[in-house]
Amino acid sequence: MSFAQPGHGPLEYQPVQYPGSQMMFRGPAQDLSGPYILCLGASETYGKFVSAPFPEQLGDRLDRPVVNMGAMNGGLDLILHDKAIAGAIEGADAVVLQITGAQNMTNRFYQVHPRRNDRFLKASSLLQTIYRDVDFTEFHFTRHMLSTLQVLSKDRFRIVVGELQQAWLARMRQLMGRIKVPVHLLWIADHTPEQEPRENALGSDPLFITADMLEEVAAEAASLSLAVTAEAERQTPTRGMFFALREEAAARVLPGPMVHARAAEELAQRLAG
């Protein structure tokens, strides 16, 4: 790995591409011919800015192969439609599925990029009718677009959020129905499922996922683990992380090494049972 000290010099992620996918997952490449645990999720599972993300630590704790197919800015659309992920699911002994936000999915209101699910492509005629006062060609990312819609009208925005939440639940049921091995859900975030975003704030990932929604999908899973940033860690959110100076803002909103260690510990207990 090429770094000097935390906060200076990016990590070498050893990106790897598995057959059937255009995505670059975090390396090193893993052997998919033998038994393994598969980790699916977004930037948190990928382990951006962290030298040893929880999938790597989980493999060390269990002394078993763990395949990290977390994708930068990935969402349920990527997990459901990527052919390499589909093949890896078929060969896995167990799947760790990170709870991702509801904003990065194609739905009745807007379309996202099939691989970079955080990229906004276009609004549907239905959304354009609800927000006639918005020029959607100005947006390139889902968060920017949703933040603007929230500011313009809380009432109209509640309609959008409701659609995203229903789409997320349907997509989660679809995904979990495809997986024939135990699914271990992971909530890895800077807040608990019960905590509400502050007033007039969009919130942090996983966006728009409530405790009731989590409880509903957890009922169909083998387990649910929570890895939440501790209050003391909020004071120094990038401690132990490795990033270029221009990446500090991005690093501050992702889990640090202590949260990854907590996730690995929780998951190891679930998977060892």
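A heavy-atom distance below 4.5 Å is not found between the side chains of Val96 and Val183. In this structure, the side chains of Val67 and Ile37 stay at 4.5 Å or more apart for every pair of heavy atoms. Inter-residue side-chain proximity for Thr238 and Phe49 is flagged as unmet; no heavy-atom pair is nearer than 4.5 Å. Put simply, the side chain of Met213 reaches to within 4.5 Å of the side chain of Leu169, judged on heavy atoms.
Put simply, the side chain of Asn68 never gets that close to the backbone of Glu56: no donor and acceptor are under 3.5 Å apart. Under a 3.5 Å cut-off, the side chain of Arg115 and the backbone N or O of Met23 do not form any donor-acceptor pair. With hydrogens and angles ignored, the 3.5 Å screen pairs no side-chain donor or acceptor of Glu266 with any backbone N or O of Ala227. With Asn104 contributing its side chain and Gly101 its backbone, the two residues share no donor-acceptor pair below 3.5 Å. Without hydrogens or angle criteria, Arg119 side chain to Asn73 main chain gives no donor-acceptor distance under 3.5 Å. Side-chain atoms of Ser124 come within 3.5 Å of backbone N or O of Arg108 as a donor-acceptor pair.
For the residue pair Gln98/Thr45, the side-chain donor-acceptor check at 3.5 Å is satisfied. Side-chain contact check for Thr137 and Asp135: at least one donor-acceptor pair (N or O, by modelled atom type) lies under 3.5 Å. Between His184 and Ser225, the side chains place no donor N or O within less than 3.5 Å of an acceptor N or O (distance only, hydrogens not considered).
Exactly one residue among Asp118, Asp205, Thr148 makes a side chain to side chain contact (heavy atoms under 4.5 Å, CB included) with Arg143. That residue is Asp205.
Listed by chain and residue number, Asp31 satisfy the side-chain hydrogen bond (donor to acceptor under 3.5 Å, both in side chains) test with Ser33 (two or more places apart in sequence, or in another chain). Remark: Arg64 engages Asp93 in a salt bridge (Lys or Arg N to Asp or Glu O under 4.0 Å) (not counting sequence neighbours).
Atom-to-atom distance recorded for Trp168:CH2 and Glu216:CD is 8.5 Å, nearest 0.5 angstrom. A distance of 6.5 Å separates CD of Gln103 from CZ of Phe208, quoted to the nearest 0.5 Å. A distance of 8.5 Å separates CD1 of Ile209 from CG of Leu214, quoted to the nearest 0.5 Å. In this structure, Arg26 CZ and Cys39 SG are separated by 12.5 Å, a value rounded to the nearest 0.5 Å. Atom CG of Leu149 is separated from atom CD1 of Ile130 by 9.5 Å, given to the nearest 0.5 angstrom. The line from OG1 of Thr106 to CG of Leu80 is 11.0 Å long, rounded to the nearest 0.5 Å.
Annotation: Tyr110 is not in aromatic contact with Phe136 [ring centroid separation under 6.0 Å not met].
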Table please: side-chain donor-acceptor pairs of residues 243-265 below 3.5 Å, with sequence neighbours left out.
{"from": "Glu247", "atom 1": "OE1", "to": "Ala244", "atom 2": "N", "distance (Å)": "2.8"}
{"from": "His260", "atom 1": "ND1", "to": "Phe54", "atom 2": "N", "distance (Å)": "3.0"}
{"from": "Arg262", "atom 1": "NH1", "to": "Val228", "atom 2": "O", "distance (Å)": "2.7"}
{"from": "Arg262", "atom 1": "NH2", "to": "Glu233", "atom 2": "OE2", "distance (Å)": "2.5"}

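Environment of CD in Glu215: sparse, with no more than 12 heavy atoms of neighbouring residues, nucleotides or ligands closer than 6.0 Å.
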